[in-house]
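Reviewing the structure listed below.
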Amino acid sequence: MYLKAYMSSGWWRSWLVPLEFLLLQPSASQRLSSKYSAAMSRKMLIGGELSHQAEAEEHYDFDLFVIGAGSGGVRASRFSASHGAKVGICELPFDPISSEVIGGIGGTCVIRGCVPKKILVYGATFGPELQDARSFGWDVNEKVDFDWKKLLQKKTDEIVRLNGIYKRLLTNSGVKMYEGEGKIVGPHEVEVTQLDGTKICYSAKHILIATGSRAVIPDIPGKELGITSDEALSLEEFPKRVVVLGGGYIAVEFASIWNGMGAKVDLCFRRELPLRGFDDEMRSVVARNLEGRGITLHPITNLTELIKTENGIKVITDHGEEFLADAVLFATGRAPNSKRLNLKAVGVEVDKHGAVKVDDYSRTTVPSIWAVGDVTNRMNLTPVALMEGSYFANTVFGGEPTKPDYNYVPYAVFCIPPLSVVGLSEEEAVEKAKGDILVYTSSFNPMKNTISGRQEKTVMKLVVDGNTQKVIGASMCGPDAPEIMQGIAVALKCGATKQQFDSTVGIHPSAAEEFVTMRTISRKIEVGSKLKTNL
């Protein structure tokens, strides 16, 4: 084994490396079959050229070494191992709040992202639901207590459970795990700094970067008084007054979470509407819903200073407005986790934001080094990282070079109620159109709201290519939108036409049936004309 170890001082603990688990391994016959298949496929490269002879394989400790055990890294490791590759992976030690030296197997999504956020969204939804329940005959007391700490403990218990599941998935796949910080020191060499400061180098035929991204904090006076989404998911005390800076996913989701739990929320963002990049009509719907639920919106507004006072954090805007808050959330974007990887020294190129540059197959400018997930800043979604990890394994070890397909990827914003979309927005469709664009919309009061009296409409939208009649975009803002949109995404991926939507029998009574009963064109945008919307 090509292995070098040398000591250096450090604060890391040593007794956790490597992580070992006594769980079921694949059968001997499965391992033999997979190794034979991998031995054959490893001779192939994307261009069809032959790789080094099998004898050269013995000079590497691993066929693949992965830096980062988030969604993309774990998927790539497991699938590569299933092809017979010998795989090692390293990850920083676990904690709900990340830093340059803290992470955890499972990554952002599992530990401090999608999963814990969705748990809090569920918790926040009960507040308005309890109000609505009175109209359905439930005798709910006027005073209903909410225990923030209880929910937080349940959330932490769940992410610890999932962290363990991810470890077992890797172990059952035969992947060797190391806890520590990985750094690339050569085209085929990774240095892992263990918990006690010991540095160990491992060689690998292929190296995969899957280190994800981290929240960006704006450089304003008093910025140390603010928090990111990491801390927001682990606050010891529930904040009764919150100021959120940002207009993206995270900003509107946390605004909804805290509002649903009873906090006073001010949402500040730099544009006229939140959710830049989404369909303008749906952005307007989200803004209206946020306001309708009691969130105060401050468009075209930035924060200039935070000041600590006896009564809380004084927040000053660029318009001279002042607020007092118990918490100030910076939801102002994320940056790729690449600066500590030593990439420049080994020849891996990054862009001005630190994103690793890759080709269509996720290969970097160094042929033996690859990258997937948010660190590449292509489409920063967990399911996309999973796709990229899977296709990397197919390409490098499965003998099936496969490019990730970013067309018709559905996604959702879990504000309350949620927004979900797939395909092109109306603006994107008009910009790319080679013919007329047909837009179908439906706005209605859900049956549940007709009883509760809640004034909040569900809005649905289909964007159709006038030449082919294919549905090229779909959007929905309303209860269960993500659940409905996942099915719509399959239809769009298959190239469904508007006629096929129309010929599909709906489920009644449901909101989803509206997608197959929109018969009247709301507007037609002729090719070459400019889009006009009433926001």
Thr364 side chain to Val366 backbone, donor-acceptor under 3.5 Å: yes
Of Tyr60, Phe62, Tyr202, Phe65, the residue whose pairing with His188 passes ring-ring contact (aromatic ring centres under 6.0 Å, His included): Tyr60
From Phe269 atom CZ to Thr332 atom OG1, the distance as rounded to the nearest 0.5 Å: 15.0 Å
Reported CZ-to-OH distance for the pair Arg75 and Tyr391, which is rounded to 0.5 angstrom: 10.5 Å
Nearest atoms (heavy-atom pairs only) where Gly478 meets Thr458: CA-OG1, 3.7 Å
Any Phe79 side-chain heavy atom under 4.5 Å of Val396 side chain: no
Pairwise side-chain contact, Tyr408 with Ile472, heavy-atom cut-off 4.5 Å (strictly under): yes
Approximate separation, where rounding is to 0.5 Å, of Ile207 CD1 and Trp370 CH2: 12.5 Å
pair Val286-Cys477: side-chain heavy atoms closer than 4.5 Å: yes
Minimum side-chain heavy-atom gap Arg334-Ser229 below 4.5 Å: yes
Distance-only donor-acceptor check, side chains Glu281 and Ser284, under 3.5 Å: no
Any donor-acceptor N/O pair, Asp147 side chain to Lys150 backbone, under 3.5 Å: yes
Under 3.5 Å: donor-acceptor pair, side chain of Trp148, backbone of Leu235: yes
Glu236 atom CD, neighbour heavy-atom count above 12 within 6.0 Å: no
Ion pair check, Arg378 and Glu388, cut-off under 4.0 Å: yes
Lys/Arg N to Asp/Glu carboxylate O, Asp326 vs Arg241, below 4.0 Å: yes
Check: Glu191 side chain, Cys201 main-chain N or O, donor-acceptor pair, under 3.5 Å: no
Worked check of side chain to side chain donor-acceptor pair (under 3.5 Å) between Asp230 and Ser98: CA-CA 7 Å; Asp230 281 14; Ser98 69; 2.5 Å; yes
Check: Phe278 ring centre within less than 6.0 Å of Tyr411 ring centre: yes
Verdict with reasoning, Leu303 to Val243, per side-chain contact (heavy atoms from CB on, under 4.5 Å): CA-CA 10 Å; Leu303 303 189; Val243 173; 4.2 Å; yes
Side-chain ion pair, Asp219 and Lys223, N-O less than 4.0 Å: yes
Lys/Arg-Asp/Glu bridge criterion (N-O < 4.0 Å) met for Glu456, Arg288: no
Any donor-acceptor N/O pair, Asp61 side chain to Ala204 backbone, under 3.5 Å: no
Minimal non-hydrogen separation, Val87 against Ser80, with atom names: CG2-CB, 4.1 Å
From SG (Cys268) to CG (Leu245), nearest 0.5 Å: 6.5 Å
Phe126 atom CZ: more than 12 heavy-atom contacts under 6.0 Å: no
From Thr301 atom OG1 to Arg271 atom CZ, the distance as rounded to the nearest 0.5 Å: 13.5 Å
Cationic N near anionic O, under 4.0 Å, Arg283 to Glu427: no
Nearest atoms (heavy-atom pairs only) where Ser77 meets Ile89: OG-CD1, 3.4 Å
Full working for side chain to side chain donor-acceptor pair (under 3.5 Å) between Arg293 and Asn259: CA-CA 8 Å; Arg293 296 234 171 190; Asn259 174 73; over 6 Å; no
Minimum-distance pair of heavy atoms, taken over all atoms of Pro187 and Ile369: O-CG1, 3.8 Å
Ser475 side-chain N/O to Asp279 backbone N/O, donor-acceptor pair under 3.5 Å: no
Verdict with supporting geometry, Thr156 and Gln153, side chain to side chain donor-acceptor pair (under 3.5 Å): CA-CA 5 Å; Thr156 301; Gln153 185 57 54; 5.3 Å; no
Heavy-atom side-chain proximity of Lys86 to Asp63 below 4.5 angstrom: yes
Residue pair Ala474 / Phe515: nearest heavy atoms and the distance that separates them: CB-CE2, 4.5 Å
Side-chain donor-acceptor pair present, Arg270, Asn302, cut-off under 3.5 Å: no
Heavy-atom neighbours of Tyr122 OH exceed 12 at 6.0 Å: no
Non-hydrogen side-chain atoms of Val192 and Glu181 separated by less than 4.5 Å: no
Working for side-chain contact (heavy atoms from CB on, under 4.5 Å), residues Leu419 and Leu275: CA-CA 10 Å; Leu419 166 68; Leu275 299 176; 3.8 Å; yes
Working for salt bridge (Lys or Arg N to Asp or Glu O under 4.0 Å), residues Lys339 and Glu100: CA-CA 10 Å; Lys339 67 179 183 178; Glu100 289 185 336; 3.1 Å; yes
Carboxylate-amine/guanidinium proximity below 4.0 Å for Asp405 and Lys403: no
Verdict with reasoning, Lys448 to Glu129, per salt bridge (Lys or Arg N to Asp or Glu O under 4.0 Å): CA-CA 11 Å; Lys448 187 177 180 181; Glu129 291 284 342; 2.6 Å; yes
Pair Asp266, His298: side-chain N/O donor-acceptor within cut-off below 3.5 Å: yes
Lys/Arg-Asp/Glu bridge criterion (N-O < 4.0 Å) met for Lys357, Asp351: no
Donor on one side chain, acceptor on other, Ser213 and Asp374, under 3.5 Å: yes
NZ on Lys199 to OG1 on Thr193, rounded to 0.5 Å: 3.5 Å
Whether Asn394 side chain and Glu400 backbone form a donor-acceptor pair below 3.5 Å: no
Main-chain N/O of Gly182 paired with Arg340 side-chain donor or acceptor, under 3.5 Å: no
Salt bridge flag under 4.0 Å for residues Lys149 and Glu237: yes
Chi angles and distances behind the salt bridge (Lys or Arg N to Asp or Glu O under 4.0 Å) call for Glu158, Lys155: CA-CA 5 Å; Glu158 177 61 9; Lys155 178 271 300 181; over 6 Å; no
Short side-chain to backbone donor-acceptor contact, Thr125 and Val121, under 3.5 Å: yes
Leu343 and Val356, any side-chain heavy atoms less than 4.5 Å apart: yes
Heavy-atom pair with the smallest gap, counting every atom of Ala76 and Leu64: O-CD2, 4.4 Å
Donor-acceptor contact present, side-chain Thr171 to main-chain Arg168, <3.5 Å: no
Minimum side-chain heavy-atom gap Thr402-Tyr361 below 4.5 Å: no
